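Chain letters run A, B, ... following the sequence lines, proteins first, then strands; residues in each count from 1. All values below come from the heavy atoms of this structure, side chains included, with hydrogens, waters and symmetry mates left out. As the structure is a computational prediction, the values presented were derived from the model and not from experiment.
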Protein chains: 2
Amino acid sequence: MTAYTSYPQFYVSVDCVIFGFADGHLKVLIHQRPYAPGQGEMSLIGGFVQTNESIDTSAKRILKEFTGLDNVYMQQLATFGEVERDPGERVISIVYFALINVNDYDSTLSDIHNAKWVDVDSLPTLCFDHNDMVQKARHTVGETIKTEPIGCNLLPRYFTLSLLQTLYESILGTPIDKRNFRRSISEKDYIQATDMVDRSSSRRGATLYKFTSRNT
Amino acid sequence: MTAYTSYPQFYVSVDCVIFGFADGHLKVLIHQRPYAPGQGEMSLIGGFVQTNESIDTSAKRILKEFTGLDNVYMQQLATFGEVERDPGERVISIVYFALINVNDYDSTLSDIHNAKWVDVDSLPTLCFDHNDMVQKARHTVGETIKTEPIGCNLLPRYFTLSLLQTLYESILGTPIDKRNFRRSISEKDYIQATDMVDRSSSRRGATLYKFTSRNT
DNA sequence: TCAAAAGTGTTAATAGTACACCCATGA
DNA sequence: TCATGGGTGTACTATTAACACTTTTGA
């Protein structure tokens, strides 16, 4: 039980890159750090691992605290462990990213945590190595969305193909040909048309689609 | 400086999935765990993070201790943090994988550490969650080798195309068509022929190739 | 009637897959 | 002379990329 006592112990934190999609842009939830070091700087959502929880559980707890959400698509990204990454104390940080529907987000929590959604393409300077974390997370989301229907986690239940395309474009950072996009999407079996029509964004109206299995 | 004192601290270990290639098979270096818990069980190469080193540095140090090697291809894989993953104490383990040339391996270290190379396809039961670590590492190596010339780290400086193909087959776990393999490899610019011939494995002799830039 | 977004097919290029025989040599 | 591994090309299929016009409808 005590074979390890000669080894040092460390604070271990979890930082979450929480992605959302709004106004045609990929967004990240950040907040003002409430304590030193870096007090007042902008920061990813994070917290410390507790003794009674696994790191996955810890990530879910933190996400719930800041968004009000359970059952969210979440994935471990990487662990950041430079000695001086946190100028206060040595903290090893395990980074997760999450994809959430911003409409489900409990916006009353914004005030409590000084949190806000910012466009991933115009992110301010964040504390410590948090900008690196976002960059890496964004890259991974981009690679993943090419093959997996993870977009369902960022969109409302019903959505138009134009919105879906805008989502892909904002994640990948490149324009996509409309016809090629629609063909490739329809060859997969992720989504299906409904008989509903959205008239809010065009006179003609656009067919509303839904994901076939709402995978969390 | 003391804003974090109310949070718990943890032992943080690094476990390394060290891959080598010998006898036409992908191998992993494992050893007999010298201390409790799990004393005597087979284990990945690992150690504890020290206060004065980053986690990357820690991984390199551990690799050097067990193989004698510096400047090795190494990549962080994932962090394992179930509460009870180590039955002795709570230990959060950051996993790296490394690709080394088994000929460079200092085999005198085998005796010191009770280490041996075992075929990745007939791995014994390892302690804790180490089998999961190997499985995940192998998957990542397989994905990576499809697009990156990481094979150079597993092979001797000069090698035949047959050996290279065997390497790919052993990593991917599937047979590959010889002509297609040779074409696809020659379309990339990873490797170039030398004027040397290897006669050790065939009467006719096979052209020896080398990687164009020896990336570590 | 027109502005604005929705919707729709074809062609060319590229990448990937399947497949079988001759070559050079030492024993 | 023959057994062994080395070396080579072609046809088919699937995937990806490029590209422009018609439809619907509310203002």
Sole candidate of N153(B), I100(B), N101(B), D104(B) that passes side chain to side chain contact (heavy atoms under 4.5 Å, CB included) when paired with V72(B):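 Only match with V72(B) under side chain to side chain contact (heavy atoms under 4.5 Å, CB included): I100(B).
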Round to the nearest Å and state the distance from [X] atom [atom1] to [N] atom [atom2].
| X | N | atom1 | atom2 | result |
| --- | --- | --- | --- | --- |
| Y209(A) | dA6(C) | OH | P | 11 Å |
| K188(B) | dA15(C) | NZ | P | 9 Å |
| D177(B) | dC21(C) | CG | P | 14 Å |
| E187(A) | dT16(D) | CD | P | 8 Å |
| R199(A) | dA27(D) | CZ | C1' | 15 Å |
| Q165(B) | dG7(D) | CD | P | 12 Å |
| F181(A) | dT8(C) | CZ | P | 14 Å |
| D198(B) | dG7(D) | CG | P | 10 Å |

Residues in contact with DNA chain D, drawn from residues 138-146 of chain B - heavy-atom cutoff 4.0 Å: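 None, since no heavy atom is under 4.0 Å.
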Sugar-phosphate only, base, or nothing, as touched by T207(B) at under 4.0 Å among non-hydrogen atoms: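 Sugar-phosphate: the residue T207(B), judged by heavy atoms under 4.0 Å, touches backbone atoms but no base.
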Sugar-phosphate, base or nothing in reach of S162(B), heavy atoms under 4.0 Å: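 Sugar-phosphate, backbone atoms only, no base.
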Residue closer to the 5' end of DNA chain D, R183(B) versus L161(B) (nearest nucleotide):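 Its nucleotide being nearer the 5' end, the pick is L161(B).
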dA3(D) OP1/OP2 closer than 4.0 Å to side-chain N/O of R203(B):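 R203(B) to dA3(D) OP1/OP2: no side-chain N or O under 4.0 Å.
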R179(B) vs R204(A), nearer the 5' end of DNA chain C by closest nucleotide: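 Taking each residue's closest nucleotide, the earlier one in sequence belongs to R204(A).
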Closest nucleotide among dA18(C), dG7(C), dG6(D) to the K178(B) side chain: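 The answer is dG6(D).
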I18(A) and F97(A), any side-chain heavy atoms less than 4.5 Å apart: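 When only atoms from C-beta onward are counted, I18(A) and F97(A) do not touch, as no gap falls below 4.5 Å.
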Aromatic ring proximity Y168(B)/F181(B), centre distance under 6.0 Å: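 That pair passes the under 6.0 Å test.
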Geometric class of the F211(B)/F159(B) ring pair [parallel <30°, tilted 30-60°, perpendicular >60°]: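 Tilted.
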Least distance between heavy atoms, V83(A) atom then R90(A) atom: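 Closest pair (atom of V83(A), atom of R90(A), distance): O-CD, 3.4 Å.
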Polar side-chain atom of Q192(A) near backbone of T212(A) as donor-acceptor pair, under 3.5 Å: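 Checked: no pair found.
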Side-chain H-bond candidate by donor/acceptor type, S110(B) with S107(B), under 3.5 Å: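 Note: S110(B) and S107(B) side chains miss the donor-acceptor criterion.
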